[in-house]
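Just so you know, these numbers use all the heavy atoms, side chains as well, and skip hydrogens, waters and symmetry mates. Throughout, numbering of the chain's residues begins at 1 and tracks the sequence.
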Amino acid sequence: MTNLLRDRDIATHLHPQTNFRRHEEFGPLIIQQGDGVRVQDTDGRWYIEGVSGLWCASLGFSNRRLADAAHRQLLTMPYQQTFAHRSTPPVIELASRLIEKAPSPMSKVIFQTSGSEAVDTAIKISWYYHAAKGNEQRRKILSRQGSYHGSTIASASLTGLPNMHRGFGLPMDTFVHVSRPHHWRGGLARESERDFAVRLVAEIEATIEREGADTIAAFFAEPVMGTGGVVVPPAGYFELLQPVLAKHDILLVADEVICGFGRTGNYWGSQTVGMKPDMLTCAKGLSASYFPISALMLSDRIYQVLADRTAEFGGFGHGYTYGGHPVGAAVALETLAIYDEIDVVSLVRARQGQLQDGLRRFANHPLVGEVRGVGLMGALEFVADKAGKTPFEKPGRLGARIAADLQAQGVLLRALGDTLVVAPPLIVSEEELAQVLDALETTLARITEPELAQ
């Protein structure tokens, strides 16, 4: 059965973020069911899902309440659109709940089905907002090298990862990237985190001056970079940055697609790093991945400008067929209720020490350059030479080897090049987290010399 499915997958299925020729050779790991934080493949092997699928299965894989919420809504109202004055009860309730929980004052919520769509919507709204104020030339968007914001043309342009641009002719020329806020990798000798933050913000201000403040619409930032390798910004970064953006009327957009709903040890990553955004995108944990849904929240300052403009135009020319899907909204509402009941922030804080301390015990491994993380997200970055922070001649091979060794032990972690990331479901137990760390210790004990890593 497994071989038949694998062959059919290779024959018919185009996989995102995948080397197609390698896939033709090896095929997929086929997952057929889940229970708690574990998933089972079609050969009957169980694995701890150590990255929550793609950072998103925050309540695990067998939450009956979320399945029941979807079922009830499917029986009541399986679909209704939200264009032109229509709505449904779960959508209205979800918008209200999100506004109540926002990390800074927000006024309205618009729904989509993915984080990429939420980011795209935020880009369009930033353009719409400035044009409505008579500043049509404000088209440029700032983001950081190493950031990840999505896979659509605009959100991939916003993303600061070269692999998202190669072969596509991206990024578009209205997207400008500034330095990655990674102190270990980008800091100068003996430069403190605070001094590094001061230097980065000075670079951003210089970029604004070079590009022209009156051409820039918004600055997008993940509170903690996820796919870029779990990069936590240096102390004081957003505290110093926000007055610069405010001075030039450049909107600050928090991309909370990965960080939201407890992942960093606060309900929002913005609270962890001191961001006070004008707009906020969220997805993934919004429904614990039980239904595709995302949201963009925006401040009243933005809404009032948009509202006047839509009155002038006779409507808002934007939306998605499945934006505000009632089943997604019902599942998200139940997800938020569960987060409240289990006190998700306290739950993460109770486990974060075990994860962060557990990862730090590998700091002296000869191939581990840096251990970093916050809350229930962490990373190990592997290097050929610790002193020089030198990458391997063949990037990604060690990361893939480590991930494969862990998989053989029943633990699924994700290698992003030669950075290994850990982000288990937020309901992970102490024992399950210990199993992840023990498997990692076993794997790393087998690979201690650079030549063995190649």
Side-chain angles (χ1 to χ4, degrees), residues 98-99 102-112 114-133 135 138-152 154-160 171-172 174-178 181 201 204 207-208 211 213 215-228 233 237-239 241-260 264 268-284 286 294-303 305-306 318:
L98 285 172
I99 292 297
S104 58
M106 295 288 171
S107 175
K108 298 292 185 292
V109 184
I110 183 169
F111 294 104
Q112 306 81 202
S114 71
S116 294
E117 289 176 352
V119 169
D120 250 29
T121 300
I123 292 169
K124 290 178 71 176
I125 285 179
S126 69
W127 288 337
Y128 195 92
Y129 165 82
H130 285 294
K133 294 178 67 179
N135 300 313
R138 282 188 180 253
R139 303 286 294 176
K140 295 175 184 175
I141 308 289
L142 302 182
S143 65
R144 286 93 56 82
Q145 296 164 1
S147 63
Y148 182 83
H149 298 286
S151 295
T152 61
S155 63
S157 291
L158 189 65
T159 291
M172 295 187 290
T174 54
F175 293 83
V176 180
H177 296 93
V178 298
V201 172
I204 293 167
T207 301
I208 292 169
E211 299 290 335
T215 70
I216 300 171
F219 185 101
F220 281 66
E222 303 161 89
V224 176
M225 287 183 172
T227 304
Y237 179 78
F238 285 106
E239 171 196 346
L241 174 61
Q242 287 169 144
V244 173
L245 301 178
K247 179 175 70 174
H248 297 295
D249 195 22
I250 297 170
L251 301 175
L252 176 60
V253 183
D255 185 345
E256 292 266 11
V257 170
I258 285 175
C259 296
T264 66
W268 301 102
S270 293
Q271 295 164 322
T272 299
V273 300
M275 288 179 76
K276 296 180 180 178
D278 299 295
M279 289 191 278
L280 181 152
T281 66
C282 60
K284 296 190 185 291
L286 177 58
S294 66
L296 169 67
M297 292 188 267
L298 52 138
S299 68
D300 193 60
R301 172 169 71 104
I302 296 173
Y303 168 72
V305 172
L306 268 58
H318 175 78

Colleague: Please identify each residue that fulfils side chain to side chain donor-acceptor pair (under 3.5 Å) with Thr264, with sequence neighbours left out.
Modeller: Thr272

Colleague: To check you understand the geometry: which heavy-atom pair defines the closest contact between His318 and Thr121, and what is its length?
Modeller: NE2-OG1, 3.0 Å

Colleague: Does Ser116 reach the main-chain N or O of Ser151 with its side chain, forming a donor-acceptor pair under 3.5 Å?
Modeller: yes

Colleague: Search all heavy atoms of Ser104 against all heavy atoms of Lys276 and return the closest pair with its distance.
Modeller: OG-C, 4.1 Å

Colleague: Identify the two heavy atoms, one from Tyr237 and one from Val201, that lie closest to each other, and give their separation to 0.1 Å.
Modeller: O-CG2, 3.8 Å

Colleague: Please report the interatomic distance OG(Ser126) to CG(Leu298), rounded to the nearest 0.5 Å.
Modeller: 11.5 Å

Colleague: So which atom in Val109 and which in Ala295 form the shortest heavy-atom distance, rounded to 0.1 Å?
Modeller: CG1-CB, 3.8 Å

Colleague: Rounded to the nearest 0.5 Å, how far apart are CH2 of Trp268 and CD of Glu256?
Modeller: 6.0 Å

Colleague: Rounded at 0.5 Å granularity, tell me how far CG in Leu296 sits from NZ in Lys108.
Modeller: 13.0 Å

Colleague: Kindly compute the distance separating SG (Cys282) from CZ (Phe111), expressed to the nearest 0.5 Å.
Modeller: 8.0 Å

Colleague: With sequence neighbours excluded, what pairs up with Ser294 under the side chain to side chain donor-acceptor pair (under 3.5 Å) test?
Modeller: Gln112

Colleague: Of all heavy-atom pairs between Ile123 and Ser155, which one has the smallest distance, and what is that distance?
Modeller: CD1-N, 4.4 Å

Colleague: Is there a donor-acceptor contact under 3.5 Å from the side chain of Trp127 to the main chain of Arg139?
Modeller: yes

Colleague: Would you say the side-chain atoms of Glu222 pair up with the backbone N or O of Tyr148, donor to acceptor, closer than 3.5 Å?
Modeller: yes

Colleague: Is there side-chain contact between Leu142 and Phe175, with at least one heavy-atom pair below 4.5 Å?
Modeller: no

Colleague: Provide the full list of salt bridge (Lys or Arg N to Asp or Glu O under 4.0 Å) pairs with a residue in residues 115-129, sequence neighbours left out, each pair given once.
Modeller: none

Colleague: Who are the side chain to side chain donor-acceptor pair (under 3.5 Å) partners of Arg138, not counting sequence neighbours?
Modeller: none

Colleague: For the CE atom of Met172 and the OG atom of Ser157, what is their distance to the nearest 0.5 Å?
Modeller: 4.0 Å

Colleague: Just distance, no hydrogens or angles: give the donor-acceptor pairs under 3.5 Å from side chains in residues 246-255, sequence neighbours left out.
Modeller:
unit_1: Lys247; atom_1: NZ; unit_2: Glu205; atom_2: OE2; d: 2.8
unit_1: Asp249; atom_1: OD1; unit_2: Arg301; atom_2: NH1; d: 3.2
unit_1: Asp249; atom_1: OD2; unit_2: Lys133; atom_2: NZ; d: 2.8
unit_1: Asp255; atom_1: OD1; unit_2: Val257; atom_2: N; d: 3.1
unit_1: Asp255; atom_1: OD1; unit_2: Thr281; atom_2: OG1; d: 3.1
unit_1: Asp255; atom_1: OD2; unit_2: His149; atom_2: ND1; d: 2.8

Colleague: Quick one: side chain to side chain donor-acceptor pair (under 3.5 Å) partners of Ser143, sequence neighbours excluded?
Modeller: His177

Colleague: Between Phe219 and Leu241, is there a side-chain heavy-atom distance shorter than 4.5 Å?
Modeller: yes

Colleague: Taking side-chain contact (heavy atoms from CB on, under 4.5 Å) as the definition, give me every residue that meets it alongside Glu211, ordered by chain and number, with sequence neighbours left out.
Modeller: Lys140, Val176, Thr207, Thr215, Ile216

Colleague: Would a 4.5 Å heavy-atom cut-off, applied to side chains only, mark Arg144 and Pro181 as touching?
Modeller: yes

Colleague: With side chains defined as the heavy atoms from C-beta onward, is the minimum distance between Leu158 and Pro171 less than 4.5 Å?
Modeller: no

Colleague: To the nearest 0.5 Å, what is the distance between CE on Met297 and CG on Leu98?
Modeller: 5.0 Å

Colleague: Could you report the tightest heavy-atom contact between Phe238 and Pro223, atom names first, then the distance?
Modeller: CE1-O, 4.1 Å

